[in-house]
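Shown next, in structure tokens, is the structure this report addresses.
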Number of protein chains: 8
Amino acid sequence: MSWKIYLSGEIHSDWRDKIAEGVRAVKLPIELSAPVTEHASSDDCGDVLLGAEDQSFWKDHKASKINAIRTRKLIEEADVVVVRFGDKYKQWNAAFDAGYAAALGKAIIVLHDPALTHALKEVDAAALAVAQTPAQVVDIMKYVIEGKLL
Amino acid sequence: MSWKIYLSGEIHSDWRDKIAEGVRAVKLPIELSAPVTEHASSDDCGDVLLGAEDQSFWKDHKASKINAIRTRKLIEEADVVVVRFGDKYKQWNAAFDAGYAAALGKAIIVLHDPALTHALKEVDAAALAVAQTPAQVVDIMKYVIEGKLL
Amino acid sequence: MSWKIYLSGEIHSDWRDKIAEGVRAVKLPIELSAPVTEHASSDDCGDVLLGAEDQSFWKDHKASKINAIRTRKLIEEADVVVVRFGDKYKQWNAAFDAGYAAALGKAIIVLHDPALTHALKEVDAAALAVAQTPAQVVDIMKYVIEGKLL
Amino acid sequence: MSWKIYLSGEIHSDWRDKIAEGVRAVKLPIELSAPVTEHASSDDCGDVLLGAEDQSFWKDHKASKINAIRTRKLIEEADVVVVRFGDKYKQWNAAFDAGYAAALGKAIIVLHDPALTHALKEVDAAALAVAQTPAQVVDIMKYVIEGKLL
Amino acid sequence: MSWKIYLSGEIHSDWRDKIAEGVRAVKLPIELSAPVTEHASSDDCGDVLLGAEDQSFWKDHKASKINAIRTRKLIEEADVVVVRFGDKYKQWNAAFDAGYAAALGKAIIVLHDPALTHALKEVDAAALAVAQTPAQVVDIMKYVIEGKLL
Amino acid sequence: MSWKIYLSGEIHSDWRDKIAEGVRAVKLPIELSAPVTEHASSDDCGDVLLGAEDQSFWKDHKASKINAIRTRKLIEEADVVVVRFGDKYKQWNAAFDAGYAAALGKAIIVLHDPALTHALKEVDAAALAVAQTPAQVVDIMKYVIEGKLL
Amino acid sequence: MSWKIYLSGEIHSDWRDKIAEGVRAVKLPIELSAPVTEHASSDDCGDVLLGAEDQSFWKDHKASKINAIRTRKLIEEADVVVVRFGDKYKQWNAAFDAGYAAALGKAIIVLHDPALTHALKEVDAAALAVAQTPAQVVDIMKYVIEGKLL
Amino acid sequence: MSWKIYLSGEIHSDWRDKIAEGVRAVKLPIELSAPVTEHASSDDCGDVLLGAEDQSFWKDHKASKINAIRTRKLIEEADVVVVRFGDKYKQWNAAFDAGYAAALGKAIIVLHDPALTHALKEVDAAALAVAQTPAQVVDIMKYVIEGKLL
């Protein structure tokens, strides 16, 4: 029983590292994956890889589609999709990923501060767990995989 | 050839009315639908219908799930999902709907101001059209249904 | 926007009638359906229609499969599956229908007394609403269809 | 040809151990899996992992959803779902799993005493085999995998 | 609740007429359909419609594919597939239709004499009912649709 | 039994009209549909409806996606997809539609001159009929629907 | 690129052995599988494994369902389904498997003497190749896997 | 995270070799696959493997279906389908593959000269990237897999 977990959403804090450390520390049979988290690469990949665009709309468009080659494969292969919302930026891509994962029937864990609860109520309603810290995500996966608490 | 269009997203401007008027004016064979757009009802439905909750998290949770009974049926039956983003609020439910519709293979039209282009690039990349005004949405549907311009 | 609702589960109280009356009273565009609710017919249909069996196992088997011709079509066509659990009998067919509906992605409303909450926790967890009375089911559907609270 | 078998249902007798021993004894290429079978962990996981709830309904709800992260993956990956019903408790989760597995088109083996035949007739009707002992389940799998009797 | 029933298999007896008469007699809301039952048309349609072939293999091939335009649509739209086996000819197309319907999850009723039971055991095992007379098929559908025996 | 037929491909001859006339002449219960067949509208719709592009690539891109709103719905709803190849132009959109329809399991009829047989062999191999004239398409549908020759 | 091939149908000649030898001789990366080919085991497995039945119908029924645990998994996992028809017996299970495989979109190779062409025309029409000898099946797979003739 | 990429389309230039070299040079975890690219084998396989046909239509038909055994498996297993269009020949099989891949929801990269943009606009509209050189395809995959630019 090995698990694939896709870590979607916020790229400005170290929550992915904390989950990765936690997973390693308790030696869970989990393969973690993520979108491109380097902001500049993610924004510029279309222009760099396929030629510069004059219009920012098409620059964004080309980049987003290339990023989607990665994102869709990883979400489709994932057993669990963790979606993290921070307190800054619109983060519509995170909510988009959550909706995409929900329609595919993926197990979703949402990770956010209680202050965002009302704004995220539709996303939380589609989740199997709503956590506040990366450590809780690791604990949930440890329990789910090993089948007992502590 | 009749069409079902679901109008997702922003509930604080009259964009749905404008699309409805436009559709009526040109007599298109379109059945429009929408989520519950009365904010208070949408927020309170869980408590009112099934009993009040002490915790706001569970109040939101119950409400969102009841709203999902409506939302999911309408998205699943839609030929086209129009997703509108305004300049206020997080609107994560709109992006969630877009992701949900994308995974179901629905035709998506996103409706937003150019100022939001960069923040919405992943959503736009999953769409078949990105419009700026309700009139454009009506024009697109007129063309798509009637098969010619003007 | 018309709705199909399948009423699964308990056949020893008049909860289906109450929902039907409620739906009629508020004139909702709902088509209700149900399994065969006449207990003797449901038990004996195999023997009566296709010849008597010596073994009760096969009598039950033939009957259940014939009943499944009806049940599966109705669940597959339903927008919403209401599953009622009473305080008597095993009612495993109700829980089976709930699991079947959940795997098909149907909207599920569970209807039961709070006394059964712990025993039904896995079923409730797959539902979009957990009601205690037939009137609540009608109220939920009225809200979901009409889009506003009273 | 390796097989994945999910063992759903009753957690108060040692039937899973007997199947595991039988599988080992005849060296079948089978990977067995199961839900969380430690009752207390299964009941308390929501409160322990994500914080205590005041209402027992939400305690159960949180726990069941976390358990579903495990359960759904294992059922979806299984080639065969064995569902065991004992003579005590409601065991609605077992019947729910059977319905879920049936809708996914899984091969189902039901394991129960003949005394439960009438109450389980809808579940049995969806199965490819109805066994009375763990040894029979092992024998069936041995035959199915090796392709001959004895 | 209207039903679509596809009548597959034997074309040398009047079983389809008997079912049609029975359905009319009890006024069931059933739409019956069938493959092309005129033997010569079914065999020659390829040559007649698209030009004669020298090789009988290709004559048969062209005809079968044209017939499949009709057959597949009708099976895919059917709620119930009745498959009739007579005592003559190979009737492999009937067994093929049964397998096709089984993989689509259709409710299957097999209609044959007990003398064919052993040869048809795999087909019968995929069915929800095994009848011996057209009248039984009508009776089953009457019960399934009306929900009670006589 | 009503049929939906999508007429894909060549837009420079009157083959669609001939099929429409033939269908009307023999009063078949067929609803015909087609992509936008007015060349200029099809090419310019993106620029006209959503604003002019500087780059021809993006002009084409916007137009093609808007056209896809129509095309995909019609192919997905079709029972039969007729794909016509003429002797001029690349007509890659026709072959694309054929592949799209094939993956969806649609019945495909290809319509082309024998001179194109070798170049179209992969498309023909996915079809249930290969016709040379619009009249043959009408004849095939007449036979398929009415169930007998002449 | 490894391949799974399921060998369905006739169990009274050594065609499976010939294909296995051919595959070994040219060292193709193919995993072959088959139903239970020992006739007595296949017929008696229900009675032996789960207790004897009085009625031959139920003996056959129990056996066929147990065999289906094996058959369905192997067909669902197969890349290619080879279906062999001999000149004796009804072989309805072979045609059933072909229909089942066709509905799942599997590549089908039918293997039979030309004398059976007319009776098998619907099965052949669903196949990607119709072979007459086991050696041809091996040659086809060698070409398909290695990508060149000789 | 390993990737499967199917290289569809033009067989008269060395673009597949260039992609293979590029993938090897940067050591990407990619498994490349392709249709049969030896023209004569692809054309003659039906006649050589299963006997010569008199009619060129059936020669092509048999060959194309045998080739489809390979092609469909590889497309269905692919994460990414690269479709190359050259400046010669009709290449309808390439466009067919693109449509087939699009309907399956595969990530598509189209590879062609800008001169073909208008003729390929429907194919490009279904793609996540449109490249002009094999090196760009390699660069895109390097970025998509490694998650950063250079």
Side-chain angles (χ1 to χ4, degrees), chain C residues 2-9 11 16-17 20 29-54 58-79 81 93 96-97 100-101 103-106, chain E residues 1-7 19 22-23 26 28-31 75-83 98 101-114 117 120-121 123-150:
Chain C
S2 77
W3 291 70
K4 294 192 177 187
I5 301 184
Y6 180 71
L7 304 174
S8 170
I11 60 170
R16 281 187 187 84
D17 297 333
I30 289 175
E31 184 180 338
L32 295 170
S33 67
V36 175
T37 55
E38 201 193 39
H39 201 166
S41 290
S42 168
D43 276 4
D44 299 337
C45 64
D47 276 20
V48 169
L49 294 165
L50 290 173
E53 294 292 332
D54 294 333
W58 296 117
K59 176 192 170 179
D60 282 341
H61 198 73
K62 276 205 310 196
S64 298
K65 290 202 159 172
I66 289 174
N67 287 324
I69 298 175
R70 177 183 176 98
T71 305
R72 290 193 196 163
K73 172 177 159 74
L74 295 176
I75 293 181
E76 279 156 25
E77 288 184 348
D79 298 303
V81 175
N93 56 332
F96 180 88
D97 281 357
Y100 197 90
L104 296 178
K106 300 292 173 185
Chain E
M1 187 162 67
S2 77
W3 292 70
K4 293 191 179 187
I5 301 184
Y6 180 71
L7 304 174
I19 288 179
V23 162
V26 291
L28 296 175
I30 289 175
E31 183 180 340
I75 293 181
E76 279 157 24
E77 288 184 347
D79 298 303
V80 178
V81 175
V82 179
V83 192
L104 296 179
K106 299 293 171 184
I108 296 171
I109 300 175
V110 195
L111 175 60
H112 64 81
D113 286 341
T117 289
L120 280 168
K121 66 183 191 295
V123 177
D124 288 353
L128 288 179
V130 179
Q132 297 181 23
T133 67
Q136 285 178 326
V137 174
V138 176
D139 289 348
I140 288 169
M141 290 312 306
K142 184 177 191 312
Y143 166 71
V144 163
I145 293 173
E146 300 187 344
K148 59 177 182 286
L149 293 169
L150 297 192

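Proteins get letters first, then strands, A, B, ... in listed order; numbering begins at 1 in each.
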Quiz item: How far apart are the closest heavy atoms of E/Trp3 and C/Arg70, and which atoms are they?
Solution: CH2-CA, 3.9 Å
Acceptor/donor pairs from residues 141-150 of chain E side chains to any protein atom, 3.5 angstrom cut, sequence neighbours excluded:
from: E/Lys142; atom 1: NZ; to: E/Glu146; atom 2: OE1; distance (Å): 2.7
from: E/Tyr143; atom 1: OH; to: C/Ser41; atom 2: O; distance (Å): 3.4
from: E/Tyr143; atom 1: OH; to: C/Asn67; atom 2: OD1; distance (Å): 2.6

Self-check item: For the student: nearest non-hydrogen atoms of C/Lys65 and E/Leu128, plus distance
Solution: CB-O, 3.2 Å
Quiz item: Is any residue of residues 30-37 of chain C within less than 4.5 Å of chain E by heavy atoms, and which ones?
Solution: C/Glu31, C/Val36
Which atom pairs, one a donor and one an acceptor, fall under 3.5 Å between side chains of residues 131-140 of chain E and the rest of the protein, sequence neighbours left out?
from: E/Thr133; atom 1: OG1; to: E/Gln136; atom 2: N; distance (Å): 3.1
from: E/Gln136; atom 1: OE1; to: E/Gln132; atom 2: N; distance (Å): 2.6
from: E/Gln136; atom 1: OE1; to: E/Thr133; atom 2: N; distance (Å): 3.2

Quiz item: Among pairs that include at least one residue of residues 101-114 of chain E, which meet side chain to side chain donor-acceptor pair (under 3.5 Å), considering only residues two or more places apart or in two chains?
Solution: E/His112-E/Asp124
Quiz item: How long is the span from the CG atom in E/Asp79 to the CG atom in C/Leu74, to the nearest 0.5 Å?
Solution: 9.5 Å
Quiz item: What part of C/Thr71 gets closer than 4.5 Å to chain E, counting heavy atoms only: side chain, backbone, both or neither?
Solution: neither
